[in-house]
Amino acid sequence: MKKRPAGAGRVLCWLAGGVLLCCVALVDPSSFLRPIPEVMPPAPVSAWPRTGTVPFNPAVAWAGPADFPQRRDDLQQSIIIEDFGSADSGSFPLTWEAWRGDDGLARNTYTIQEENGNRYLHAADDGSSIIIRKQLSEWDANEFPVLSWRWRAQVLPEGGDERIGSRNDSAVAVYVVLDQNFVGVPKTLKYVWSTTLPVGTYHRRDGIGRPHVIVLESGEEKLGRWVEESVDVHADYLRIFGKKPPRKAVGIGILTDGNATGTDSQGDYDDFVVHRRGS
């Protein structure tokens, strides 16, 4: 049997490493940190069907934060995954972290605040554009496919348009990651309150790792008011990626940013809950 020339194995390792680094380098940083300016005009918007609705029902069995039931336990219909009630006012939310960003900058952007005895997360972007995330590997979106939360846009970034890199800012945005590929590139749904795009807009900018953006709220009509959202993330994932998500999710993320437009951007978040369909 022929011997491989000396150093050939090392060269192959270098080549494999180089390919992996190229894959990582191609991951779109704007899906985590900052948008990349674009000179091309945006594509026309596409209508997106609204999925999922969960009216409040006090008779439904609820589980506490992070208290995920065993599979096939039909008693717990809804599970609180974050209500920000455990952290002190003025602090950074517990069990959250910067997502491919700096924890120090994240702590300057996101703080727990209190209003009428209720604690919630306030976000005010200082140009850092930092996503924070909560890992939720125990969440099975096949059993709990609907995600609901409350948010409040306080200040809309001027001219924000999530289709364009140089204007890709949102007062409030929620990321849902149910899966990722073998090098860690997430398959991301991004639900936004847009400054300019109409409700129902669906868009994804070109590039590896960019999120699939779905507009749930738009403009100033509800500015300064708490709005409850409810989306069937399982149905949205299936429609976009053509298959069911795995039984272990990756997590959710939050982003309030105004760095692309260079304008102020502020918003609030509260009460993230997952539900069985029909609960």
Side-chain angles (χ1 to χ4, degrees), residues 24-46 48 96-111 121-133 151-177 185-224 227 229 252-269:
V24 173
L26 285 171
V27 175
D28 173 32
S30 69
S31 57
F32 309 104
L33 298 175
R34 298 177 176 82
I36 299 174
E38 294 177 353
V39 294
M40 296 181 64
V45 299
S46 303
W48 188 258
W96 290 73
E97 61 184 356
W99 198 340
R100 298 198 177 184
D102 185 279
D103 273 323
L105 293 175
R107 291 174 182 275
N108 291 334
T109 302
Y110 302 93
T111 55
L121 183 66
H122 176 67
D125 184 43
D126 61 359
S128 302
S129 187
I130 298 291
I131 297 176
I132 60 171
R133 70 170 177 177
W151 59 6
R152 176 172 61 183
Q154 297 278 38
V155 179
L156 297 173
E158 296 177 15
D161 185 331
E162 289 78 6
R163 300 170 301 164
I164 308 171
S166 60
R167 293 164 58 190
N168 182 29
D169 290 333
S170 309
V172 283
V174 171
Y175 289 69
V176 178
V177 183
V185 179
K187 298 177 180 180
T188 307
L189 305 173
K190 181 182 180 184
Y191 300 97
V192 305
W193 185 320
S194 180
T195 301
T196 60
L197 296 181
V199 172
T201 297
Y202 164 76
H203 183 74
R204 181 177 183 270
R205 292 159 55 211
D206 292 336
I208 296 174
R210 294 193 192 271
H212 296 260
V213 176
I214 301 169
V215 178
L216 299 184
E217 304 292 342
S218 179
E220 298 183 352
E221 182 182 353
K222 301 177 184 177
L223 196 66
V227 177
E229 306 292 351
I252 61 172
I254 286 172
L255 174 65
T256 290
D257 65 338
N259 67 310
T261 58
T263 62
D264 194 14
S265 182
Q266 295 185 33
D268 304 315
Y269 305 84

Heavy-atom closest contact (Asp161 atom, Arg163 atom, distance) = OD2-NH2, 2.7 Å
Check: Ser265 side chain, Leu156 main-chain N or O, donor-acceptor pair, under 3.5 Å | no
Is the backbone N or O of Asn259 less than 3.5 Å from a side-chain atom of Asp257, with the two atoms forming a donor-acceptor pair by type?
-> no
Donor-acceptor contact present, side-chain Asp125 to main-chain Gly258, <3.5 Å = yes
Correct closest heavy-atom pair for Pro157 and Thr195 would be O-OG1, 2.8 Å
For Ile131 and Tyr110, the nearest pair of non-hydrogen atoms, with its separation, is CA-OH, 4.4 Å
Does the side chain of Ile254 come within less than 4.5 Å of Trp96's, by heavy atoms?
-> yes
Is there a donor-acceptor pair under 3.5 Å between the side chain of Tyr175 and the backbone N or O of Ile132?
-> no
For Ala260, does its backbone N or O pair with a side-chain atom of Asp169 as donor and acceptor, under 3.5 Å?
-> yes
What do you reckon, is CD of Gln154 surrounded by more than 12 foreign heavy atoms closer than 6.0 Å?
-> yes
Separation between CZ (Arg210) and NZ (Lys190), nearest 0.5 Å, reads 10.5 Å
Side-chain donor/acceptor of Thr196 to backbone N/O of Gly160, under 3.5 Å = yes
Residue of the set Leu197, Val213, Val174, Leu216 for which side-chain contact (heavy atoms from CB on, under 4.5 Å) holds with Val192 | Val213
Supply the atom-to-atom distance Ile214 CD1 to Tyr191 OH, rounded to the nearest 0.5 angstrom.
-> 4.5 Å
side-chain contact (heavy atoms from CB on, under 4.5 Å) partners of Glu221, counting only residues at least two apart | none
For Asp103, the side-chain hydrogen bond (donor to acceptor under 3.5 Å, both in side chains) test, sequence neighbours excluded, returns none
Note, Lys187 side chain near His212 side chain (heavy atom, < 4.5 Å) | no
Provide the closest heavy-atom pair for Trp193 versus Ser170 in the form atom of the first, atom of the second, distance.
-> O-CB, 4.1 Å
Distance-minimising heavy-atom pair for Thr261 and Arg167 = CG2-CA, 3.8 Å
Qualifying salt bridge (charged side-chain N to carboxylate O under 4.0 Å, His left out) pairs with a residue from residues 259-269, counting only residues at least two apart or across chains = Arg152-Asp268
Answer yes or no: is there a side-chain heavy-atom contact under 4.5 Å between Leu255 and Trp99?
-> no
Are Glu162 and Arg205 close enough, and set up right, to give a side-chain contact (heavy atoms from CB on, under 4.5 Å), and what steps lead you there?
-> CA-CA 9 Å; Glu162 289 78 6; Arg205 292 159 55 211; over 6 Å; no
Mind listing the closest non-hydrogen atom pair of Ala98 and Ile130 along with its distance?
-> CB-CG2, 4.1 Å
